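Shown next, in structure tokens, is the structure this report addresses.
What you see is a predicted model, and the numbers here were worked out from it, not measured in a lab.
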Amino acid sequence: MEPTGAGATAPLIPFREFVVKVHSRCDLACDHCYIYEHADQSWRQRPAVIPGAVVERFAERLAEHARTHALPSVTVILLGGEPLLAGPARLRRLCEALTRALDGVAGLDLRVHTNGLRLNESFLALFAEYGVGVGVSLDGDRAANDRHRRYANGRSSHSSVLDAVRLLGEDRHRRLYQGLLCTIDVRNDPTTVLDALLALAPPRIDFLLPHATWEAPAPRPDGRPDAYARWLLRLFGHWDGQGRPVPVRLFDSLLSTLRGGPSLTESLGLTPTDLVVVETDGTLEQADSLKTAHEGAAATGFDVFRHSFDEVALHPGIRARQLGLAGVSAECRACPVVRSCGGGLYAHRYRLANGFDNPSVYCADLKALVEGVEQRTARAAVAPEVTDPAALAAAQQELTRVLLVRLHTELEGRGDADWQRAWELVTAVEAETPDALAAVLNHPYTRTWLLAALGAVRQGRPPGAQPGRRLSALAAAAVVRGRLELRAPVLLGGGGLYLPTLGLLRADPGRAEVRATVEGFSVQGEGGGVRNFGPGTETADWQPVRFLAGGAGAGTPPALLALEDLDPDRGCFALPPTPRLDPVGAERWERRLADAWDLLHSTVPSLARETAAGLTTLTPLMGAVAPEEEARRGPGALGVPLEADVRETSLALLTGRRRARLRELTEVADLYASDGEWLHPSPWRKEPVSVSRLLEDAHAAVAAEAFCQAGGGVGGQGGIGRALDRLEGAAELTVSGKAVVAILRREAGSEM
């Protein structure tokens with residue numbers, strides 16, 4: 001896999017999270033603390049308490065940054081050392097300054113992270129006044145906590161912290177309770193640690209790997225390279241077995257990325273960092289964790305007095321942690337779990353010889369952890385649409401309805417009376433005969449219209465033809481299909497009015513009213529004249545949608561397969577659609593289609609049945625070769641070249657339907673993420689391709705190869721095994737995407 005894009009020219013990413021050191025000393029002597037016990041000892045040269053001048057200038061810079069980038073909100077985390085050593089009065093001045101500076105500029109999410117020893121009613125009253133969330137560090141039960149978190153004289157801090165957490169958890173303070181942070185020690189029993197933390201009813205738990213680098217690796221008492229993964233997987237099993245009683249950020253992040261979502265923590269995933277640290281003297285630094293690497297690793301050379309946050313955001317060290325895939329080592333870029341682990345925490349990659357251009361010192365642990373969580377959750381995490389056609393159909397139907405509602409929301413209040421009248425009629429039809437409305441909404445090119453209209457509206461362009469006219473035609477078609485006693489006002493244009501799933505009405509431009517009749521429907525124009533139409537009877541003013549009768553062979557498609565050569569939105573394929581076919585041309589094409597279905601059924605019967613399932617609409621296209629590019633349409637439609645011979649038509653039906661089904665699946669289920677970040681060699685193309693293209697090509701090639709091998713043609717495509725091997729190792733695939741590849745592997749083995 002090769003990453004694309006240099007990343008160096010990426011736009012500036014504004015900071016959204018600001019860590020403020022309000023006190024640089026601590027009342028505990030934790031031996032695993034990266035500030036006092038690791039490489040960077042710069043705290044010794046800084047003021048113990050943040051001065052008022054730094055507070056005021058930071059507040060000004062923060063408001064400036066939020067205003068410049070129109071940030072809806074910012075998060076400020078008060079940290080130390082131990083922040084509560086600053087005292088309530090100094091913390092109040094800080095909260096006041098930040099609240100005042102951001103008033104009317106951006107929302108303020110204030111938090112404090114403490115060891116809990118000094119947390120009392122006075123602090124909690126202050127935090128309640130300013131809405132400051134409180135997180136507390138606690139490593140588990142007494143034995144686990146006492147391994148590291150002791151006073152300087154060796155005395156245990158455990159009971160004092162428990163008192164603080166219990167106070168924080170009381171009903172009157174609980175809204176301030178942010179959660180617990182636990183640093184892992186593999187000598188502790190993970191289930192005991194989790195149970196001890198759960199007993200305090202935290203709203204969330206964060207588990208952190210102890211800070212380490214290749215120069216100073218983490219302790220591994222048993223010498224195993226995956227000791228931390230095994231500890232975390234035991235913890236995961238205990239947490240999962242209890243029904244995941246509280247969010248655990250580490251696990252939630254893995255579950256998110258495995259499904260194609262974003263990372264939820266800086267320590268995992270490829271999400272760019274947006275954090276900066278303000279030290280007690282006003283200097284601005286990178287993430288605090290870098291202090292574990294070497295002296296000055298977190299330094300930027302900037303401070304709040306002389307520099308804006310935009311200047312800091314351009315610092316090479318900050319930018320390096322915003323490059324996503326391009327910011328990890330070559331070894332990581334080639335690893336199938338990199339999208340979930342992200343190369344690990346940046347600080348943990350440090351090696352004296354080459355800086356941070358390495359995998360994490362926890363590389364073996366992270367790989368085993370990601371794979372272990374995936375193995376334990378894959379079956380439940382696979383989207384049901386992957387294996388259940390009914391679930392896919394239901395999701396697609398819901399998607400069309402969602403798009404219609406979104407378009408209505410976008411158009412609401414813009415003065416389109418025709419749209420509002422049509423919307424009210426759609427609502428009435430839905431209440432009376434929902435199946436009639438569903439039949440029209442499920443027409444594949446309804447989706448095409450909705451997507452085009454939504455795209456235009458959101459780009460500030462007119463949404464194509466009058467949207468009220470299109471929606472009124474949709475409502476009228478539903479009224480006719482449901483034989484409802486409702487009047488459906490429509491707006492006729494120069495090209496006529498297409499009633500989805502029914503046909504094209506030609507009449508003089510103007511307003512009219514459609515009503516259902518026993519024989520079909522009637523149209524009353526502005527002049528008062530009424531004309532009656534039978535839906536299946538063609539006249540000079542009415543061209544109905546025709547349906548393909550199919551042949552007599554075993555491959556006959558469903559009886560109601562529409563020949564759609566009227567819908568004005570059918571021109572959504574890579575090839576242009578044909579004009580309306582004359583009766584002779586339609587009959588000739590129908591015979592060729594029947595022969596193509598027979599050929600499919602005689603060679604690949606299971607694939608023929610799969611192709612016919614759910615197919616509702618065929619649109620003839622100009623030319624003889626089926627297009628590879630998928631169209632923006634709803635499920636059930638397929639564009640087939642008019643001039644293709646029987647074998648070419650069979651392949652067009654087979655591979656076109658496969659590509660369409662995969663597209664339908666990707667619209668409602670996440671099969672991959674970061675598409676295009678990597679490029680993969682393809683057996684069928686000269687240049688490397690994205691994972692989406694490789695998956696689409698493989699999906700079609702499996703069916704085409706089976707068809708050729710069974711006698712449907714000469715010269716199969718080959719290369720399927722290589723493509724599937726590549727896909728199985730692709731970092732972009734989610735658990736659902738991997739399930740699709742597994743299905744393809746089984747199909748390739750059984751059909752070939």
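A donor and an acceptor atom, one from each side chain of Ser156 and Arg142, are located under 3.5 Å apart. Between the side chains of Thr191 and Asp189, at least one donor-acceptor pair of N or O atoms lies under 3.5 Å. Side chains of Asn145 and Asp141: no donor on one and acceptor on the other come within 3.5 Å. Side-chain contact annotation: His158 with Asp146, donor-acceptor N/O pair under 3.5 Å absent. A donor atom on one side chain and an acceptor atom on the other are not found under 3.5 Å apart for His113 and Gln178. In summary, the side chains of Asp27 and Asn115 do present a donor paired with an acceptor at a separation below 3.5 Å, with no hydrogens or angles considered. In summary, the side chains of His238 and Asp195 do present a donor paired with an acceptor at a separation below 3.5 Å, with no hydrogens or angles considered. In the model, His65 has a side-chain atom that pairs as donor or acceptor with a side-chain atom of Asp310 under 3.5 Å.
For the pair Asp303 (side chain) and Thr283 (backbone), a donor-acceptor distance under 3.5 Å is absent. Using a distance-only test at 3.5 Å, with no hydrogens or angles considered, a donor-acceptor pair links the side chain of Ser253 to the main chain of Leu264.
Separating the CG atom in Leu369 from the CG atom in Leu250 is a distance of 6.0 Å, to the nearest 0.5 Å.
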Item to check | Intermediate values then yes/no, salt bridge (charged side-chain N to carboxylate O under 4.0 Å, His left out), Glu129 and Arg92 | outcome: CA-CA 10 Å; Glu129 183 178 348; Arg92 175 178 291 279; 2.9 Å; yes
Item to check | Test log, rule side chain to side chain donor-acceptor pair (under 3.5 Å), inputs Thr114 and Glu82 | outcome: CA-CA 6 Å; Thr114 172; Glu82 170 48 47; 2.7 Å; yes
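Applying the ring-ring contact (aromatic ring centres under 6.0 Å, His included) criterion to Phe207, with sequence neighbours excluded, gives no partner residue.
If you run salt bridge (charged side-chain N to carboxylate O under 4.0 Å, His left out) between Glu170 and each of Arg172, Arg166, Arg174, only Arg172 comes through.
A salt bridge is defined here as a Lys NZ or Arg NE, NH1 or NH2 lying under 4.0 Å from an Asp or Glu carboxylate O, and Asp274 with Arg321 fails to meet this definition. Remark: Asp670 does not engage Arg259 in a salt bridge, criterion side-chain N to carboxylate O under 4.0 Å.
Smallest separation of non-hydrogen atoms from Glu121 and Leu167: OE2-CD1, 3.4 Å.
Taking the side chain as every heavy atom from C-beta outward, Leu255 and Val373 approach each other to under 4.5 Å.
Between Phe251 and Phe236, the ring-plane angle classifies as perpendicular under the 30° and 60° cut-offs. Phe309 and Phe18 have perpendicular rings, their planes meeting at more than 60° on a 0 to 90° scale where under 30° would count as parallel.
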